[in-house]
Amino acid sequence: MHWVREFYEKQNEWFHFDKGDVSDAHREKAALIEEFVGSGPKRVLELGAGTGHVAAAMADLGHTVTAVELVPTLAAHAQKLASSRTSQKMGVINDDFYAIPLEDNFDVVCYWDGFGIGTDDDQWRLLQRIASWLAPTGYALMDIGTPWYAASVDGRGWEVGEAERQYSFDADGCRWEDTWWPKGQPDQAVKQSIRCYSPADFRMLLVGTGLKLVHVKPGGTMDWEEGKWLPSVPLKKSMFYTVQVGPSPV
């Protein structure tokens, strides 16, 4: 996973994710906690928190949030958002969640838009870590990219911010690749590679982790012909789906 820090640093440099405050989309993501886990304040751990916008939205709902982010520039923006919250319910840790020692237990562990950056073995070990961080009645919520969508957009490219961007699909590894470069400078390209899983594949990945799949919620997709985002479509058309997983009985 040597590409991770450079990719997200460059992506932010060219598109400026670390600007602005919390949007409606961030608040909609934060609202999934109540949908999946129930009402009332929760102790939340967010992995790969990025700029901290969703973490801040979760804190605004009354949850106590610990946000972990690897990239210093993104973590710095997350800390800025945390400092602006008068409730003081958001803390930020700039570290690698594959290695960070965390002793606390959480009601909810979130990993939005990023699961699959490593190998199957990497994800299996991470799921074991998530199981160790969950309270006995806790749940993890994660976004999982779908292989059918990734395959359908292979070769599609467009301009975004100060960069050009192109999707590709590694069919053998079942990985969705997302390549960015400054406009007119493909020699400076950086690539993100995300392992995609069907729900059936994800269930197999969970074996031996101490977690079980509780629920699958289909996500949205991009209508490229109309140029608009469709927020809710059937699973077989979804770009991603959100899973709810909980501790598995021994």
Side-chain angles (χ1 to χ4, degrees), residues 1 4 7-8 11 17 22-37 42 44-58 63 65 67-71 74 78 97-98 106 108-118 120 122-124 126-127 129-131 133-134 138-153 167 169 174-178 192-203 205-206 209 211-222 229-246:
M1 293 180 287
V4 172
F7 176 84
Y8 291 117
Q11 185 189 52
F17 289 98
V22 179
S23 70
D24 289 344
H26 300 129
R27 298 196 187 281
E28 289 170 5
K29 183 67 76 172
L32 289 176
I33 290 181
E34 181 171 351
E35 177 181 337
F36 281 103
V37 188
K42 306 290 189 296
V44 179
L45 172 65
E46 184 183 1
L47 306 177
T51 53
H53 286 103
V54 178
M58 292 188 291
H63 305 301
V65 183
V68 182
E69 171 53 44
L70 175 67
V71 180
L74 302 182
F97 56 70
Y98 283 92
F106 299 87
V108 182
V109 177
C110 300
Y111 191 0
W112 309 120
D113 189 25
F115 186 85
I117 62 174
D120 288 340
D122 292 327
Q123 304 319 309
W124 190 82
L126 177 60
L127 289 165
R129 303 203 83 201
I130 290 172
W133 293 327
L134 281 177
Y139 291 102
L141 307 177
M142 293 174 283
D143 291 334
I144 313 293
T146 63
W148 47 86
Y149 181 85
S152 76
V153 294
Y167 285 152
F169 182 61
C174 200
R175 303 190 71 90
W176 185 1
E177 299 172 334
D178 185 9
Q192 173 179 244
S193 175
I194 298 289
R195 173 69 160 96
C196 299
Y197 298 91
S198 70
D201 292 334
F202 186 72
R203 286 185 182 94
L205 185 67
L206 287 173
T209 64
L211 296 169
K212 64 177 179 180
L213 184 60
V214 177
H215 184 66
V216 172
K217 177 183 174 68
T221 195
M222 185 67 188
W229 174 253
L230 305 177
S232 180
V233 296
L235 179 61
K236 64 183 180 181
K237 295 182 178 181
S238 294
M239 178 188 296
F240 66 94
Y241 55 94
T242 301
V243 294
Q244 177 188 13
V245 299

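Atom set for the values below is all heavy atoms of this structure, side chains included, hydrogens, waters and symmetry mates excluded. Worth saying up front: this structure is predicted, and the values here are computed from it rather than measured.
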Which residues satisfy the ring-ring contact (aromatic ring centres under 6.0 Å, His included) test with His53, sequence neighbours excluded? His26, His77
For Asp113, check salt bridge (charged side-chain N to carboxylate O under 4.0 Å, His left out) against everything at least two apart and list the hits. none
Quick check for you: to the nearest 0.5 Å, what is the distance between Lys236 atom NZ and Thr146 atom OG1? 13.5 Å
Report the C-alpha separation of Leu141 and Val243 in whole Å, then their side-chain angles, then the decisive distance to 0.1 Å, and conclude whether the side chain to side chain contact (heavy atoms under 4.5 Å, CB included) test is met. CA-CA 6 Å; Leu141 307 177; Val243 294; over 6 Å; no
Distance in Å, Ile144 CD1 paired with Arg195 CZ, rounded so as to fall on 0.5 Å steps: 10.5 Å
Give a yes or no on this: more than 12 heavy atoms of other residues, nucleotides or ligands lie within 6.0 Å of atom CZ of Phe240. yes
Restricting to salt bridge (charged side-chain N to carboxylate O under 4.0 Å, His left out), what partner residues turn up for Asp201, sequence neighbours left out? none
Of all heavy-atom pairs between Ala49 and Ala67, which one has the smallest distance, and what is that distance? CB-CB, 3.6 Å
Quick one: closest heavy-atom pair of Gly114 and Ile194, and the distance? O-CD1, 3.9 Å
Once you round to the nearest 0.5 Å, how far does OG of Ser232 lie from NZ of Lys237? 12.0 Å
With sequence neighbours excluded, what pairs up with Tyr8 under the side chain to side chain donor-acceptor pair (under 3.5 Å) test? Gln192
Steps toward side chain to side chain contact (heavy atoms under 4.5 Å, CB included) verdict (Leu134, Val109): CA-CA 7 Å; Leu134 281 177; Val109 177; 3.7 Å; yes
Look up atom CG in Leu213 and atom CG in Leu205, then write down how far apart they are to the nearest 0.5 Å. 11.0 Å
Donor-acceptor pair, distance only, cut-off 3.5 Å: does the side chain of Ser238 make one with the backbone of Pro218? no
Distance-only, no hydrogens or angles: does the Gln244 side chain make a donor-acceptor pair with backbone N or O of Phe36 under 3.5 Å? yes
What residues form a ring-ring contact (aromatic ring centres under 6.0 Å, His included) with Phe106, not counting sequence neighbours? none
So Tyr98 and Ile117, side chain to side chain contact (heavy atoms under 4.5 Å, CB included) or not? Walk me through it. CA-CA 11 Å; Tyr98 283 92; Ile117 62 174; 3.6 Å; yes
With Arg27, which residues qualify under side chain to side chain donor-acceptor pair (under 3.5 Å), at least two apart? Asp60
Could you tell me whether the side chain of Trp148 and the main chain of Leu235 form a donor-acceptor pair under 3.5 Å? yes
Residues that Glu35 engages under salt bridge (charged side-chain N to carboxylate O under 4.0 Å, His left out), provided they are two or more places apart: Lys217
With sequence neighbours left out, what residues match Lys29 under salt bridge (charged side-chain N to carboxylate O under 4.0 Å, His left out)? Asp143
Flag the pair Cys110 / Met58 as yes when at least one side-chain heavy-atom distance between them is below 4.5 Å, and no otherwise. yes
Quick one: are Leu47 and Leu126 in side-chain contact, heavy atoms under 4.5 Å? yes
Rounded distance (nearest 0.5 Å) linking atom CG of Leu32 with atom CH2 of Trp112: 5.0 Å
Residues Ala140 and Ile130: closest non-hydrogen pair is CB-CG2, 3.7 Å
Could I get the full list of side-chain contact (heavy atoms from CB on, under 4.5 Å) partners for Thr221, not counting sequence neighbours? Tyr149, Leu230, Val233
Taking side chain to side chain donor-acceptor pair (under 3.5 Å) as the test, write out the residues that go with Tyr241, two or more places apart. none
Could you go through Met142 and Leu127, starting from their C-alpha distance and side-chain angles, then the distance that decides it, and tell me whether this counts as side chain to side chain contact (heavy atoms under 4.5 Å, CB included)? CA-CA 11 Å; Met142 293 174 283; Leu127 289 165; 3.7 Å; yes
What residues form a side chain to side chain donor-acceptor pair (under 3.5 Å) with Ser193, not counting sequence neighbours? Arg175
Looking only at heavy atoms, what is the nearest atom pair of Val214 and Gly246, with distance? CG2-N, 3.8 Å
Heavy-atom closest pair (Val22 atom, Ala56 atom, distance to 0.1 Å) is CG2-CB, 3.8 Å
Search all heavy atoms of Cys174 against all heavy atoms of Pro147 and return the closest pair with its distance. SG-CB, 3.5 Å
Among all residues two or more places apart in sequence or in another chain, which pass the ring-ring contact (aromatic ring centres under 6.0 Å, His included) test with Phe202? Phe115
